[in-house]
Amino acid sequence: MRSLHRHTAAATAVAAAVALVVSGCAGSGKAAQSAESASSGAAGSSPGSGASPAASGSGSASGASAGGVKQGGTLTIQGDSGNPTLVENFNPLVPTELGGTRLIYEPLAIASTVDGTFTQFLAASQKFTSPTTLEFTLRDGVKWSDGKPFSAADVTFTFDLLKKYPALDTTGVWTQLSKVESKGNIVTATFKAPNVPFESTVAQVPIVPEHLWSSGLPADPSKFANTKPVGTGPFTLSSFAPTSYTLTKNADYWNAANIAPSQVDYPAQSSNQSTNQLNVASGKFDWSYNFLPNVQQTYISRGANRSYWFPPGGTIGLFLNLTKEPYNDPNFRQGISHLLDRDTIAKKAVNGYLGAASTTGLILPNLEKWLDPSIPDKGMITQDAKKAGDYFAKAGYTMSGGQLTKDGKQADLTITLPNNYSDWVAAANEVKAELSAGGINVTLDEPSAAQYTTKIQSGNFDGAFGGFGGTGVPYNDFNNALNSSFAAPIGTATVNNFERFKSPETDAALASLAAATDEAAQQAATNKIQQQMFTQLPIIPLYYGGSWGLFQTTHFTGWPSAEDPYTLPTPYNQMSLLVVSRLKAVG
Amino acid sequence: MRYVTRKVVLFVLTFWAALTLNFALPRLMPGSPLDAALGNLQANGVQVTNAMRDAMAAQLGGAEGNWLSQYFSYLGNTLRLNFGTSFSFPTQTVSHTILQALPWTVCLVGVTTIIAFVLGTLLGVYAGWRRGTAADSTVTLGATLFSAFPPFWFGMLLLYVFAFKFQIFASQGGYSPGLTPNLSLSFLSDAVQHSILPAVTLTVTSLSGWVFGMRNNMINTLGEDYVTFAEANGLRSRTIALLYAARNAMLPNITAFGLSLGAVVGGSVLVEGIFGYPGLGNLLYIAVLNHDYPLMQALFLVITVSMLVTIFVVDLLYVRFDPRVRREVIA
Amino acid sequence: MRGLVSARGVNVVYEPNRGARIWSVRDVDLDLAEGEFVGLVGESGCGKSTLGFALTRLLQPPGRLDGGSISFDGTDIASLSGEQLRAQRRNGFALVLQSGMNALNPVRTIGHHFGDILKAHARDGDDYTRASIRRRGGDLLEQVELKAEVLDRYPHELSGGMRQRVVIALALALEPRFIVFDEPTTALDVMVQKAVMNTIKSLQASQRFTALLISHDLGTVLEATDRLLVMYAGRIIEDKPSAEVLTGVHHPYTDALLGCYGDPRAEVVQLHGIPGMPPDLSTTGGGCLYADRCALARNGCRDSVPQLAPAGSGRVACFVRAPAPNARSKSADPQTEGQR
Amino acid sequence: MSITATATPPPADGTAAVTGGPSRLPDGLTPILFLGRALRTLWSNGKARIGLVLLVFFVLLAVFAPLIANHSPTSTDFVPYQNPNAENWLGTTGAGNDVFSQMVYGARVSLLVGLSAGILATLVAVTLGLISGYRPGPTDEVIGFITNLALVIPGLPLMIILAAYLPSRSVWTIVLVVAFTSWATGARVIRSQAVTLRTRDFVTSAAFSGERMLRIVFREILPNMTSLVAASFFSAATAAVMAEASLEFLGLGNPETVSWGTILHFAQQQNALLTGQWVLVFAPGLAIALLAVSFTLINFGVDALSNPRLREKTS
C-alpha cells in the first residue's frame with residue numbers, strides 16, 4: 001500500500017516514532033498527491049481572473065525569468081523508504097510511486113499546502129469561465145523528454161485514463177467532473193456541479209504522454225511500474241538501484257534556466273526510523289523530513305549551514321461520536337474543550353515545536369487571512385474549570401465528590417487512537433489526565449492502526465483522536481471534516497466526517513463556499529463555518545501536527561521557511577516540484 | 001523403505017496443515033487490508049478521503065467468493081507457486097518480491113547460524129571437557145549473559161557505536177546506495193561489510209543455545225562407557241574429546257540445528273528491521289502491518305517450507321553422522 | 001607378599017552433593033601376583049566395580065581416591081600425571097567394561113577403534129599404516145575368535161557377544177600385563193556368556209596376564225579363577241583359593257552367596273537369598289556392616305570393624321568365623337573420621 | 001523428518017537425561033515442603049544461587065515498587081530529555097516520565113509476563129506431553145502431529161501477527177500469545193521422557209495395581225521429570241520476557257503499560273541515543289538481560305539436581 005513508500009512511518013519494522021509524530025498533520029504523506037489535490041483548492045486564486053495571479057507571484061520557478069539561476073551541483077533528498085528495498089515504480093498515477101516521479105511528471109498547476117496559492121506548470125494559466133467550467137491554457141513549446149511535443153491531447157488522454165480506470169483516480173476527480181475536452185491549447189474541465197475549490201485537485205493530476213501510454217499498458221494500469229518514465233518535468237531518470245536512484249536535469253525543460261540542481265539523488269531510507277534520524281543528524285541529506293527531538297542539539301548544532309522549519313501541517317483533534325449521548329450535546333463538548341490545557345497537551349505531544357490549535361478549525365498562522373475577526377482570541381480556548389462547569393451544568397451534569405455525574409451516573413469517555421502514533425498517545429495520556437481531573441471517567445483504547453481505522457470509519461467509538469485539515473484550502477479542510485453527505489450511518493464506513501456531524505447551516509455554508517467566485521463571498525462563507533466550529537465544536541481541536549523540514553544550505557538555498565512560507569517542506573509529494581523549482585545553487 | 005514413506009507422509013501432512021494455518025490465520029484477525037492501508041496513509045500525515053478509499057478499494061480488488069472457494073483457489077495457486085500480487089508492492093508479483101529478499105536472509109541467517117553453531121558447539125565441547133574449571137564457568141556465564149541480551153537492543157547499541165559514532169560500518173541496508181546486486185567481487189565485499197553488524201548481533205545472541213546444549217551433551221557423553229573404555233586404553237585426550245565425546249555429543253544438536261536454521265529466518269525479523277536489511281524478516285513485518293494477505297501467506301509458506309526442507313536435509317546429514325540411523329534408512 | 005598389583009588402605013569416596021559422602025571402597029588391601037587370575041564377587045553396589053576402576057586409575061568425578069596407595073609393578077599409579085598415566089597403559093593395566101554394548105563408540109568402525117588405540121601408543125619405530133593396523137586388528141580379533149571383516153563393521157551391527165569379544169580384543173591390543181574384567185558377560189545370554197568366559201579363560205591361560213574378574217555370579221567366577229575375593233559394603237571380607245571355596249570356612253555372607261549358587265538368574269535370587277538390604281554406605285558406623293543381616297551376629301560384632309584374618313586356606317573378616325586379634329578401634333576408622 | 005524420528009531436546013532447553021530411580025511425591029509431603037527442599041538443594045548450586053539472588057531482587061523490586069520508586073511512573077510532570085540528576089535518578093523520557101520509577105514498576109510487568117506465560121506454557125506442555133507419552137496410538141499421533149506443527153511454524157512471526165491483530169492489548173494478551181507459541185518444545189521433551197518412564201517397572205506395577213491413568217501420570221510419572229518441567233518453565237519464562245520486550249519494542253503492545261519493553265520502545269522513538277540519553281537505552285535492556293540470566297542460571301541448577309553428571313565440583 002501506498003503509505004509504505006512515503007515516509008517510513010508506521011510501515012517499518014522498528015516503527016517510526018517520528019513520522020508518527022507527524023501523524024495527523026495533513027498535507028504530508030505519500031498519497032498526499034491525492035490528499036492534497038482532493039482538497040487543495042482555490043484559496044488564493046480568483047477563478048474568474050484569466051491567468052491565476054498566483055502564477056506570477058510564485059517567482060522564478062514558473063517565471064522562466066530571463067537570466068535564470070546559478071546552476072549545478074547534486075541535490076540529495078532523503079528518499080523513499082526502502083521496504084526492504086526500493087521497488088522501481090515511476091507511475092505518476094498510483095500512490096505507490098517513488099518520490100522522484102514528482103520531478104519527472106508535471107501537473108497543470110500546483111497549489112501550495114500552506115495557503116493554496118497556485119504555481120503554474122503545464123498550464124500557463126487557468127480560469128473558471130462559469131462556476132462549472134474550468135479552462136486551462138497550456139504552455140507553449142513544452143516537450144516530452146523523448147523529444148515529442150506535448151499537447152492538449154495528452155491532457156485529455158490522462159483524464160480519460162482516470163475515468164476508464166477508477167483505481168487510478170485516487171483523488172476522485174471524476175466524482176466532480178463530467179467531462180474534459182480540448183480545443184487547440186485550451187483544455188476545458190466541466191463540473192457536474194459548481195465546485196470552485198476543486199480546481200487544485202484537477203490542476204494537480206500529473207499528465208502522462210499519450211504516445212507512450214495509449215497502448216501497451218497492462219490490463220490493470222494501477223500495477224504498471226513505468227520503469228522508463230518519459231515526462232515533461234525538469235528531471236529525467238538516469239539510474240535506478242534498489243537502494244537509491246538518481247535523476248539528472250532535463251536540458252530541454254521549458255524552465256531549465258531556473259532549475260539549479262544538475263542532479264538529484266534519492267537514497268532510500270532505512271526501515272528503522274531511528275537509523276534515519278541518525279542519518280539525518282550526520283548530514284547525509286540536503287533535504288530531509290523527520291521529526292527530531294531537541295532539534296537544536298541533535299541537528300542544528302551538529303554541523304554548519306543547517307536550518308529547519310517545522311510549520312503546522314494539520315490539526316489534531318478529539319472527535320466525539322455525535323450519534324451518541326452525551327457527546328451529541330454541544331454543551332458537553334464545550335465543557336470538555338474548556339477542561340483542556342492545550343499548551344500542555346501540545347508540549348507533551350510535539351515537544352513544543354507546535355502549539356495549541358484554534359477551535360475555528362483553521363490552521364494558524366497558515367490560513368490566518370481567513371480568520372473570522374468576530375471570534376474572540378482567534379478561537380484559542382484556555383483551560384477554565386469554571387466555564388467548563390457551566391457548560392456541563394447546561395448539559396445536565398453536576399460535580400459531586402470529584403465526579404461529573406448526571407442522574408447519579410458518572411460521565412465516561414473511551415478515547416480510541418492507534419497505539420503506534422506516539423504523539424497522539426502522549427497527547428491522549430495528557431487529555432485523560434486533565435479530563436479525569438475534571439471528573440470524567442476516561443479510558444484509552446489503543447488498537448493497531450488498521451483496527452483504529454476500522455473503528456472510526458464504522459462509527460464504533462465514543463471519542464477518537466484524528467487529524468484534519470492541511471490542504472491549504474479552507475473549503476477542502478472543512479468539507480472533508482464536516483459535510484453531512486459523508487456522515488454515513490453507524491456501521492457503514494466513511495473516511496470523512498467520521499464523527500458524523502449533521503448541520504444544515506454548515507452544509508449550506510459549504511455549498512456557498514464551493515460556488516463562491518469572489519473573495520468576499522468566500523470569506524463570508526468561511527466565517528459561517530468557523531462560527532459553527534467555534535460554537536458547535538463538532539471536532540475539538542487540540543494542537544497542530546508538524547511538518548518536519550530539515551535543510552542543509554551547503555549546496556542550495558531557497559528552502560521554504562517561516563519568512564518565505566511558499567509551501568510545506570514535504571519532499572515526498574508534489575511540493576517537491578515547487579521547492580526544487582525555487583532552489584538556488586550556493587557559491 | 002517404511003522410514004522414507006513415513007517421512008514423506010508426515011512431510012505432506014505437515015505441509016498441508018501449515019498451508020491451512022497460513023490461510024486461516026490472517027483471516028481470523030480483525031482489520032482489513034483496506035483499513036490498514038488507510039491507517040498507514042494517516043500515519044503518514046495524509047488526509048484520506050472517501051475518494052481515496054474508493055480508489056484504493058478498486059486497486060486492492062480483494063478476495064472473491066466465500067472462504068471455502070478462496071481456500072481452494074489458494075491451495076491451487078500455491079501449488080503452482082502463483083502467490084498473486086501483493087498489496088504492498090502492486091507492481092511486482094509476490095514471488096518476485098520474495099525472491100529479491102530471500103537470498104539476503106538466506107545468506108545472513110544461514111551464515112550466522114552456521115557460525116553460531118560451529119562456534120557454540122566448539123565452546124560447548126571445550127566447556128564440557130573442562131567441566132568444573134574456571135574456563136567452563138567463564139564460557140557458561142559468558143554465554144548466559146550474551147544470550148540474555150535482547151537481540152534488537154544489542155543491535156541498536158552496535159548500530160549506534162559502530163555505524164553512527166565511529167562510522168566503521170554502514171548504518172542500513174544490505175549494500176551501498178547506488179549499487180545493483182550482482183556477483184562481482186566488489187559488490188560482494190560491500191555486501192559483506194554491510195552484513196557484519198547484523199551478523200554479529202545474530203551470532204552473539206544465538207550462540208548460547210549451542211554452547212549449553214553441547215556442554216550438557218558433552219558431559220553426558222563423557223560419562224558413557226566408550227569414553228571410559230577409550231581412556232582405559234590410553235587414547236590421547238584430544239582423540240577422546242573430539243572423536244569419542246564430541247562426535248557423539250553433537251548428534252542431538254544436529255537435529256536441533258535443522259529446526260533452528262528455519263526458526264532463525266523467522267527470528268531475524270527484529271534484527272533485519274533494526275539494520276534495514278533487505279531480507280524476509282523486514283518484508284514480513286511490512287506484510288503484517290499492511291494486512292497484506294498474499295505477501296504474508298507466501299512469506300509464511302517460504303519460512304515454513306524452508307524449515308521443513310532444512311529439517312529434511314539435516315535428516316539426510318544426520319544419516320551421514322550417525323551410522324545407526326543409516327542402517328534404518330537402508331532397511 | 002607384594003604382587004604385580006598392590007593396593008594398601010584404598011578408600012574411594014563419592015561426593016555427589018555438597019555435604020554428602022559415600023564410601024564406596026573402604027580400607028582395601030590387595031595383592032595380585034603376576035599371571036594370577038582372581039575373582040571378585042559381591043552384591044550390586046558393594047564397590048567391586050569401583051575398586052576395579054580405582055585399580056586402573058579410571059575413577060570419574062564425583063568419585064575419587066581418598067587415601068591409600070596403589071602400585072603397579074612397583075610404580076605408584078595414584079600419583080601418575082596424565083601423560084605418564086597414558087603411557088603406562090601400554091603393557092600396563094587394562095579394563096574390560098561391564099557392558100561391552102556401550103564400551104564401543106557408536107560412530108566409529110571397529111577398525112577405527114583399533115587404529116585409535118594403536119596410534120595413541122605408537123613409539124618410535126612403530127609404523128601404523130592402514131594396512132598394518134588392519135593386520136594387527138585382524139590378529140587380535142582372531143584371538144577372540146572373530147573374523148577380520150568385523151573391522152569394517154560399526155558396533156551396532158554386531159551382536160552382544162561379538163561386541164564383548166571386540167572389547168576384549170581391544171583391551172589386548174596394548175599387551176597389558178593386568179586386565180580388570182568388569183562383569184564381562186553380564187549383559188549376554190547364557191550360551192554366549194559361557195563362550196565368552198571360555199575365551200577369556202583360554203586367553204589368560206595362554207598370555208599369562210594378571211586378571212581380576214569382577215562378577216556377581218559366584219559360579220562363573222569359581223569356574224574360571226585361581227583365587228576368590230568377596231566384597232561387602234566396600235570391604236573385602238573373604239580371600240580364598242577358588243578351588244577351596246566349596247569346602248573351607250567362610251564369612252557368613254559368602255555362605256549366603258553360596259546358597260544362591262547354581263541359580264542362573266543370580267541377581268534376582270540374591271535379593272531373596274539374603275535377607276535385608278545392603279547397608280547405607282554414607283551413614284555407617286564402625287561395626288561389622290553385615291551384622292544387621294547376619295544370622296550369626298552377636299554383641300561384639302557392632303563394636304569394631306573386623307579385619308581379614310587367616311581362616312582355613314584363606315582369610316576372613318569376621319569376628320565369629322575368624323576372630324582377629326588386631327581388630328581396629330572405631331576411632332581409627334577413616335569413614336568415622338570423615339563424618340560430620 | 002526428524003521432528004518425529006528422534007526425541008532429542010534442542011540445545012537451548014538444557015535438559016539432560018533424567019533421573020535414575022523412581023521417585024514420587026509421597027502422600028504426606030505437601031508441595032510447599034517439596035518446594036522448600038528443592039530450593040535448599042538449588043541453593044547449594046553456585047550458579048543457581050546467583051540466579052535466585054537476582055530473581056529475588058527483581059521480585060522485591062516488583063512487590064515493593066511503590067516504596068522504592070520516588071515518583072509515579074506515569075507522571076509526565078518532569079522536564080523531558082533530562083540526564084540522570086538528583087531528582088530523576090535515571091533521567092527523564094521525552095514525554096517527561098521519571099525513568100527510575102518506570103524501571104522499578106517495569107519489573108512488575110516483566111515478572112508477571114515471564115512467570116505467568118512460563119506457567120501457562122508449561123501447563124500445556126506437561127498436559128499434552130504426558131498424555132501423548134502415556135497414551136500411545138491415535139492420541140499420541142494427533143498430539144505429536146500438533147506439536148510438530150507448532151515447532152515448524154515460526155514462533156516470533158506468529159507472535160507478531162497474533163499481537164498485531166488481537167483486539168485486546170493488555171499484558172495478558174502477550175502472556176497468551178507467548179504461551180501459545182512456546183509450549184511445543186517442552187511438550188516434545190516431556191513426551192519422550194514419559195514414553196521412557198511408561199515402561200519402567202514402578203509404572204507398570206502401578207498400572208497393574210489398577211490405578212487410574214491420571215493418577216499414574218501425575219503421581220508416578222510427573223514427579224520423575226521435575227527437572228524437565230522446570231526446564232520447560234524457565235525456558236518459556238525466558239522466552240516470554242524476551243517476547244514481551246520485543247513486542248512492546250515493536251509497538252505491538254499497550255503503550256500505556258509501563259514495562260522495560262515500552263521504555264525501550266519510547267527510547268527508540270525519542271531516539272535517546274541521538275539525544276545522548278544512554279541510560280534510557282542501557283537500563284531497560286540490561287534489566288531484561290539480567291532477568292533472563294537469572295532464569296537461565298536457576299535452570300542450570302535444576303538440571304544439576306536431576307543429572308549428577310552436570311553437578312559442579314564441590315571442592
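A, B, ... follow the sequence lines: proteins, then strands. Residue 1 opens every chain.
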Say you draw a straight line from [atom1] of [X] to [atom2] of [Y]; how long is it, rounded to the nearest 0.5 Å?
X      : Y      : atom1 : atom2 : result
A:T298 : D:L273 : OG1   : CG    : 12.5 Å
D:Q269 : A:Q277 : CD    : CD    : 9.0 Å
D:Q270 : A:F291 : CD    : CZ    : 8.0 Å
A:N294 : D:Q277 : CG    : CD    : 8.0 Å

Could you check D:L274 against A:L278 for side chain to side chain contact (heavy atoms under 4.5 Å, CB included), going step by step and ending with a plain yes or no? CA-CA 7 Å; D:L274 191 60; A:L278 295 178; 3.6 Å; yes

Give the minimum heavy-atom separation between D:T275 and A:P293, together with the two atoms involved. CG2-CG, 3.7 Å

Does D:F180, at its CZ atom, have more than 12 non-hydrogen atoms belonging to other residues, nucleotides or ligands within less than 6.0 Å? no

Heavy atoms of other groups near A:K347 NZ, more than 12 under 6.0 Å: no

With a 4.5 angstrom heavy-atom cut-off, which part of A:K432 approaches chain D: side chain, backbone, both or neither?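 The side chain, not the backbone.
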
